[in-house]
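Comments concern the structure below.
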Amino acid sequence: MNAQNYKNHRKFYAPHHFIYLPALLVLFGYGIYKRSADEENELLWTLFSGIIFLILYLAIMVRQHYALVLQDRMVVIEFRQRYFELFGKRSDDIVSQLNFSQIAALRFAYDDEFKTLIERALNENISGDEIKKSITNWRPDLSRV
């Protein structure tokens, strides 16, 4: 992966930006035009509207995907903040050694277990599921979508 800079920092999700939304706009415009021009084929334009609805639904589901990706980023940020509060140092090295599953699992541990489980995750490379099973005092995350 190339280093990120101003010229390449934008990210497009091709199915959303280049397929779903343009197709929705084209179909919607065509449907409006044909509905007013051909009232005799009402069933056809109802079907056409159904297709537009499905494309709109897919576009909305992609937005849900964006929300989940954002939540994953927030989990990592919370991990970094918590690590800093407990250890008083940056977490860059630790975050690069753990995968997201491990980081996400660690949020369920209270501070005393958090420290121990980080060491286990780094030294034994235990999975996120193993981290969750190792937690004796569960700290709930009730705000995850």
Side-chain angles (χ1 to χ4, degrees), residues 1-36 42-145:
M1 182 173 179
N2 294 337
Q4 191 178 67
N5 58 44
Y6 179 77
K7 292 180 181 177
N8 68 7
H9 81 285
R10 293 179 191 245
K11 183 176 180 182
F12 292 100
Y13 187 63
H16 180 72
H17 291 101
F18 304 119
I19 297 172
Y20 297 144
L21 293 180
L24 177 61
L25 291 173
V26 168
L27 288 173
F28 185 67
Y30 186 71
I32 289 174
Y33 166 74
K34 290 300 278 183
R35 174 71 177 121
S36 61
E42 191 171 334
L43 181 60
L44 176 65
W45 300 118
T46 301
L47 176 62
F48 206 81
S49 297
I51 292 170
I52 291 173
F53 174 78
L54 290 175
I55 293 172
L56 177 61
Y57 177 77
L58 291 173
I60 291 169
M61 293 311 296
V62 168
R63 292 184 70 201
Q64 176 68 14
H65 169 74
Y66 289 163
L68 293 176
V69 170
L70 179 60
Q71 281 189 358
D72 291 350
R73 291 183 72 180
M74 291 175 70
V75 165
V76 174
I77 290 169
E78 289 171 355
F79 173 85
R80 287 176 177 273
Q81 179 64 31
R82 188 172 182 201
Y83 185 88
F84 181 78
E85 289 172 0
L86 292 174
F87 295 99
K89 53 186 176 179
R90 293 177 59 94
S91 62
D92 295 338
D93 294 336
I94 302 299
V95 169
S96 68
Q97 295 175 42
L98 298 173
N99 61 46
F100 178 76
S101 173
Q102 292 169 314
I103 291 171
L106 286 165
R107 76 185 187 282
F108 296 112
Y110 281 100
D111 294 348
D112 53 339
E113 287 184 293
F114 182 80
K115 294 176 181 180
T116 312
L117 289 170
I118 285 177
E119 290 300 318
R120 284 193 59 208
L122 293 172
N123 297 331
E124 302 171 28
N125 196 28
I126 60 175
S127 70
D129 196 49
E130 291 175 54
I131 291 171
K132 290 178 191 176
K133 289 177 183 175
S134 300
I135 297 171
T136 55
N137 190 14
W138 194 268
R139 181 176 169 241
D141 178 6
L142 303 175
S143 59
R144 181 99 169 136
V145 171

When rounded to the nearest 0.5 angstrom, what distance separates [atom1] in [X] from [atom2] in [Y]?
| X | Y | atom1 | atom2 | value |
| --- | --- | --- | --- | --- |
| Ile103 | Glu78 | CD1 | CD | 12.0 Å |
| Leu117 | Gln102 | CG | CD | 10.5 Å |
| Ile51 | Leu56 | CD1 | CG | 13.5 Å |
| Asn125 | Asn99 | CG | CG | 7.5 Å |

Set of ring-ring contact (aromatic ring centres under 6.0 Å, His included) partners for [X], sequence neighbours left out:
| X | value |
| --- | --- |
| Phe28 | none |
| Tyr30 | Trp45, Phe48 |
| Phe108 | Trp138 |

Shortest non-hydrogen separation from [X] to [Y] and the atoms involved:
| X | Y | answer |
| --- | --- | --- |
| Gly128 | Ser101 | CA-OG, 3.4 Å |
| Leu24 | Ile52 | CD1-CG2, 3.2 Å |
| Ala23 | Ile55 | CB-CD1, 4.3 Å |
| Ile135 | Ala109 | CD1-N, 3.7 Å |

Legend entry - Partner residues of Ala105 under the side-chain contact (heavy atoms from CB on, under 4.5 Å) criterion, sequence neighbours left out: Ile131, Lys132
Legend entry - All side-chain contact (heavy atoms from CB on, under 4.5 Å) counterparts of Phe53, not counting sequence neighbours: none
Legend entry - All pairs passing salt bridge (charged side-chain N to carboxylate O under 4.0 Å, His left out) where residues 113-123 contributes a residue, at least two apart: Arg120-Glu124
Taking the side chain as every heavy atom from C-beta outward, state whether [X] and [Y] have any pair of such atoms under 4.5 Å apart.
| X | Y | answer |
| --- | --- | --- |
| Leu98 | Leu106 | yes |
| Phe87 | Ile118 | yes |
| Phe79 | Phe114 | yes |

Legend entry - Over 12 foreign heavy atoms within 6.0 Å of OH, Tyr57: no
Sequence neighbours excluded, which residues qualify as salt bridge (Lys or Arg N to Asp or Glu O under 4.0 Å) partners of [X]?
| X | value |
| --- | --- |
| Arg139 | none |
| Asp92 | Arg80, Arg90 |
| Lys89 | none |
| Asp129 | Lys133 |

Inset, instruction - Quick one: list whatever passes side-chain hydrogen bond (donor to acceptor under 3.5 Å, both in side chains) with Gln81, sequence neighbours left out. - result: Glu85
Inset, instruction - Using the test side-chain hydrogen bond (donor to acceptor under 3.5 Å, both in side chains), find all partners of Ser127 that sit at least two apart in sequence or belong to another chain. - result: Glu130
